[in-house]
Amino acid sequence: MSDFVKEDNVFVNQDAESREAVLRFIADRAAELGITDDADAVYEAFLAREDMGETGMTDGFAVPHAKTDAIKRAAVIVVKNNRALEWPSFDDKPVDVAISLLVPDGEAGTTHIKLLSKTAVLLMREEFKSLVRSTDDRKAIADAINAGIEED
């Protein structure tokens, strides 16, 4: 799974003005990247999950996730926004980095849980958060996430 997160799935210097705009951006990029043929269904899946509870973690990071049969293959898309946005989070701080998980419905209990747990572990590591904050190198960000996903 070493190239699970591709450099093309990392978007830096974005100018989204709301959480919904970030989620719409991710859904639209998922369609461009061939992850889905239905960006609207993916966007709706993100919104449905957001309604269930916060996906904002801590320190300005969020992990929005969509599970729908409109997603053809599991993927991660990262958005690094130029400003922090209102986003319900565990520490009540705004969010400027979204590490989104896109999972086909059929893999909801396996791939989804694995990706979510591996991402949560990464977000507990100061060195990972510092790296993401300090660089706009899309490959470096993708590689750091891939390394975390591969760990046992």
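Residues take their numbers from the sequence shown, with the count starting at 1.
In terms of modelled atom types and a separation under 3.5 Å, the side chain of Asn146 and the main chain of Ala142 share a donor-acceptor contact. Of the possible donor and acceptor atoms, one in the side chain of Thr36 sits under 3.5 Å from a partner among the backbone N and O of Ala70. A donor-acceptor pair under 3.5 Å is formed between the side chain of Ser134 and the backbone N or O of Leu131.
Between Glu50 and Pro64, some side-chain heavy-atom pair lies under the 4.5 Å cut-off.
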>> Applying side chain to side chain contact (heavy atoms under 4.5 Å, CB included) to Gln14 and Asn82, what does each step give before you reach the verdict?
In response: CA-CA 6 Å; Gln14 297 305 305; Asn82 286 333; 5.9 Å; no
> What do the steps show when you test Ile141 against Val12 for side chain to side chain contact (heavy atoms under 4.5 Å, CB included), and what is the final call?
Replying inline: CA-CA 10 Å; Ile141 293 169; Val12 298; 4.2 Å; yes
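Val79 belongs to a hydrophobic cluster whose other members, connected by ILVMFWY side-chain contacts under 4.5 Å either directly or through intermediates, are Phe11, Val22, Leu23, Phe25, Ile26, Leu33, Ile35, Val42, Tyr43, Phe46, Leu47, Ile71, Ile77, Leu85, Trp87, Val95, Leu102. Taking a 4.5 Å side-chain heavy-atom cut-off between Ile, Leu, Val, Met, Phe, Trp and Tyr, the cluster of Val121 extends to Met124.
The heavy-atom pair separating Asn9 from Ala75 by the smallest distance is ND2-CB, 4.3 Å.
With sequence neighbours left out, the side chain to side chain contact (heavy atoms under 4.5 Å, CB included) criterion links Thr119 to Val63, Ile99, Leu101, Leu123. For Asp91, the side chain to side chain contact (heavy atoms under 4.5 Å, CB included) partners are Thr58, Asp59, Ser89, Lys93, not counting sequence neighbours. Applying the ring-ring contact (aromatic ring centres under 6.0 Å, His included) rule to Phe128 yields no partners; only residues at least two apart in sequence or on another chain are considered. For Asp96, the salt bridge (Lys or Arg N to Asp or Glu O under 4.0 Å) partners two or more places apart in sequence, or in a different chain, are Arg133. Under the side chain to side chain contact (heavy atoms under 4.5 Å, CB included) criterion, Pro94 pairs with Ala84, not counting sequence neighbours. Listed by chain and residue number, Arg24, Asp38 satisfy the side chain to side chain contact (heavy atoms under 4.5 Å, CB included) test with Asp40 (two or more places apart in sequence, or in another chain). Residues passing the salt bridge (Lys or Arg N to Asp or Glu O under 4.0 Å) test with Glu126 are Lys129, sequence neighbours excluded. In this view, Glu17 and Arg83 satisfy the salt bridge (Lys or Arg N to Asp or Glu O under 4.0 Å) rule, not counting sequence neighbours. Take Asp136 and apply the salt bridge (Lys or Arg N to Asp or Glu O under 4.0 Å) test, not counting sequence neighbours, and it matches Lys80.
Rounding to the nearest 0.5 Å gives a distance of 8.0 Å between CG of Asp92 and CD of Glu54. Between the CZ atom in Phe4 and the CD1 atom in Ile149 there is a gap of 6.0 Å [rounded to 0.5 Å].
Sorted by first and then second residue, the salt bridge (Lys or Arg N to Asp or Glu O under 4.0 Å) pairs with a member in residues 7-16 read Asp8-Arg138; sequence neighbours excluded.
Salt-bridge check for Arg19 with Glu86: failed, with every basic side-chain N at 4.0 Å or more from each acidic carboxylate O.
With a 6.0 Å radius and a threshold of 12 heavy atoms from other residues, nucleotides or ligands, Lys139 has its NZ atom at or below the threshold.
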